[in-house]
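Worksheet: one structure, shown below.
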Amino acid sequence: MNQRRIFHGRRYGRRLRPSRAQQLKAGLVTLSVDISAPTIDPHALFEGVGGIGEIWLEIGFGGGEHLAAQAAARPDVGFIGCEPFMNGVARLMSDIDARGLKNIRVHPDDARDLMDTLPDASISRCFILFPDPWPKRRHNNRRMVSRENLDGLARILANGATLRLASDHMEYVRWMLGHILDHNAFEWRCQGPKDWRQRPADALPTRYEEKALAKGDSCVYLHFQRRKR
Ligand SMILES: C[S@@+](CC[C@H](N)C(=O)[O-])C[C@H]1O[C@@H](n2cnc3c(N)ncnc32)[C@H](O)[C@@H]1O
């Protein structure tokens, strides 16, 4: 049994409609990743799907709009999404049903517990989009981008894998850059301002991103590559 962390965010929002609650329940039965063993084989999660090559991970997918769009665009990739907020998971389940997506699996809880069970170098891309900024100094230690979590990501990401982050919170952007550049496993892929000012062409805006843009806030996109071991 792996050690479970304390999750400080929200797990439940508004009460779900009975049909949505039923869809969530059914989706969790078929799509949840079982992390009770010390190690999981991520490819085994997609047995029977066919044609799955790389495995990509999204941490904190919110309502899952970005995850579902990526999965629809890349049926050759197996996606694992982590999100403890059950209303967001329910929204994703509804999208999966509506689009008939076969290549998404879900960990409806803290991503760090799932990461512990993933083998070394098993993930080819990881998205952490608009993570909670925890702006109060005394809460900074709750941030997803931390030395400990970067060590975990460095372990599970394959050589040359991509780590994509985005945020509209400039102090957190500086924090992320500082922490990741300090970590010798990652190299910032940036040739000019366009690389951090523009969302990658293959990505949909997330819900948080849309809210930030509607308020007139700027968003920053950061891309790193896992260095060769
Ligand atoms: C600010 S929201 C952004 C959601 C989505 N990525 C977007 O851009 O719309 C951050 C999300 O990260 C999730 N989150 C926070 N800590 C997490 C953790 N340890 N593991 C997985 N998800 C986490 C939260 O529940 C929340 O839904």
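Whatever order the structure lists them in is the order used to number ligands and atoms, beginning at 1.
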Kindly confirm or rule out an N or O of [X] lying under 3.5 angstrom from an N or O of ligand 1.
X      : value
Glu58  : no
Asp110 : yes
Leu129 : yes
Arg10  : no
Pro131 : no

### Query
What's the spacing between Arg125 CZ and Leu163 CG if we round to 0.5 Å?
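Going from the CZ atom of Arg125 to the CG atom of Leu163 covers 10.5 Å.
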### Query
atom 16 (N) of ligand 1: which of Phe127, Phe7, Trp134, Tyr208 has the nearest heavy atom?
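The nearest heavy atom belongs to Phe7.
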In the protein, what heavy atom is nearest to [atom], and what distance, to one decimal place, separates them?
atom                    : result
atom 25 (O) of ligand 1 : Glu83 OE2, 2.5 Å
atom 15 (C) of ligand 1 : Asp132 OD2, 3.3 Å
atom 20 (N) of ligand 1 : Ala111 N, 2.9 Å
atom 12 (O) of ligand 1 : Gly60 CA, 3.4 Å

If you measure from the Lys or Arg side-chain nitrogens to the Asp or Glu carboxylate oxygens, is any gap between [X] and [Y] under 4.0 Å?
X      : Y      : value
Glu148 : Arg5   : yes
Arg199 : Glu210 : no
Asp132 : Arg10  : no
Arg207 : Glu65  : yes
Asp109 : Arg11  : yes
Arg147 : Asp151 : yes

Just which atoms of ligand 1 are under 4.0 Å from any heavy atom in [X]?
X      : answer
Gly62  : 4 (C), 5 (C), 27 (O)
Met144 : 17 (C), 18 (C), 19 (N), 20 (N)
Phe130 : 1 (C), 2 (S), 3 (C), 8 (O), 10 (C)
Thr206 : 7 (C), 8 (O), 9 (O)

### Quiz item: cation-pi between Arg143 and Trp134, 6.0 Å / 45°
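Not flagged: Arg143 not positioned over aromatic ring of Trp134.
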### Task
For His107 and Asp110, indicate whether the former's side chain and the latter's backbone hold a donor-acceptor pair under 3.5 Å.
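Yes: the side chain of His107 pairs with the backbone of Asp110.
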### Task
Report yes if some heavy atom in the side chain of Arg112 is under 4.5 Å from a heavy atom in the side chain of Ile59; otherwise report no.
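The answer is no, as the side chains (C-beta and beyond) never meet within the 4.5 Å cut-off.
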### Query
Among the heavy atoms of Pro84, does any lie under 4.0 Å from an atom of ligand 1?
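Under 4.0 Å: yes for Pro84.
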